[in-house]
Structure formats: structure tokens, C-alpha cells
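Here is the structure we will look at.
No experiment lies behind these values; they were computed from the predicted model shown.
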Amino acid sequence: MLDALLDSWGLHALAKSLMGFLIGLFALQEPEAFRPTLGQAFLGGLVLALVHNGLFVALLALAAGTRTAFMLEALWLGGALYTAFLSVLVVLVRTD
């Protein structure tokens with residue numbers, strides 16, 4: 001749906017599929033026993049978002065045939081920091 005709205009030709013879907021595959025390689029055996037700290041949530045969210053957004057920006061640059069500072073600063077780094085911040089919020093409001 002995101003690709004259809006933004007006319008990005010499946011780049012979001014491809015980046016998200018690759019991230020899902022990579023996360024699946026490192027899946028925990030007992031995920032319900034894992035309670036991340038705020039630091040772990042921030043760092044984990046940052047690393048995963050940097051990889052995901054990096055894949056997306058690289059695919060977008062290849063498809064568009066261009067590179068801009070906006071792609072690196074806003075889409076890659078800014079988006080990764082935003083996702084890391086949201087990861088901390090999720091840990092704070094998690095009630096299980």
C-alpha cells in the first residue's frame with residue numbers, strides 16, 4: 001500500500017522483506033522471556049532502522065538514478081533516529 005501511495009515501485013516492500021529475512025536469521029528461541037532495557041530498545045531500533053533505511057535509500061537511489069543529501073540525512077539517518085525513539089516508547093508503554 002505504501003508503494004502504491006508513494007509510487008516507489010515495490011521498494012518499501014522489498015526493503016521490509018529483506019529486513020524480515022535478516023531478523024528471522026537472528027530470532028530468539030524464547031522471545032516472550034526477553035524484556036529489553038531502554039538502552040537495548042534504542043540501540044536495537046537504531047541498528048535495525050539504519051539497515052532497513054539504508055537498503056531503502058540504496059534501492060531508491062538506484063531506481064531514481066540520483067543521490068541527494070535529503071536521502072541520507074532525512075530518509076536514512078533521520079528516519080533511523082525516529083524509529084529508535086519510537087522503540088523506547090514501545091518499551092515504556094508495554095504492559096505484559
May I have the list of side-chain donor-acceptor pairs in residues 56-65 shorter than 3.5 Å, sequence neighbours left out?
none

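Closest approach of Ala49 to Ala80, counting heavy atoms only: CB-CA, 3.6 Å. For the pair Ala41 and Ser87, the tightest heavy-atom approach, listed with the atom from each and the gap, is O-CB, 3.4 Å.
Every side-chain contact (heavy atoms from CB on, under 4.5 Å) that Thr68 has, sequence neighbours left out, goes to Thr66, Phe70, Met71. Every residue two or more places apart in sequence or in another chain that forms a side-chain contact (heavy atoms from CB on, under 4.5 Å) with Leu43 is listed here: Val47. Every residue two or more places apart in sequence or in another chain was checked for a side-chain contact (heavy atoms from CB on, under 4.5 Å) with Val90, and none qualifies. Residues passing the ring pair (Phe, Tyr, Trp, His ring centres under 6.0 Å) test with Phe42: none are found, sequence neighbours excluded. Partners of Leu86 by side-chain contact (heavy atoms from CB on, under 4.5 Å), not counting sequence neighbours, listed by chain and number: Tyr82, Leu89.
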Where do Leu92 and Leu38 land on the side chain to side chain contact (heavy atoms under 4.5 Å, CB included) test, with the steps shown first?
-> CA-CA 8 Å; Leu92 286 174; Leu38 294 180; 3.7 Å; yes
List the steps and the verdict of side chain to side chain contact (heavy atoms under 4.5 Å, CB included) for Leu81 and Leu46.
-> CA-CA 6 Å; Leu81 287 171; Leu46 183 65; 3.9 Å; yes
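For the atom pair Leu55 CG and Met19 CE, the distance stands at 7.5 Å (nearest 0.5 Å).
Using a 4.5 Å heavy-atom cutoff, the side chains of Pro36 and Arg94 are in contact. Under the 4.5 Å side-chain criterion, counting only non-hydrogen atoms from C-beta, Thr83 is not in contact with Leu50.
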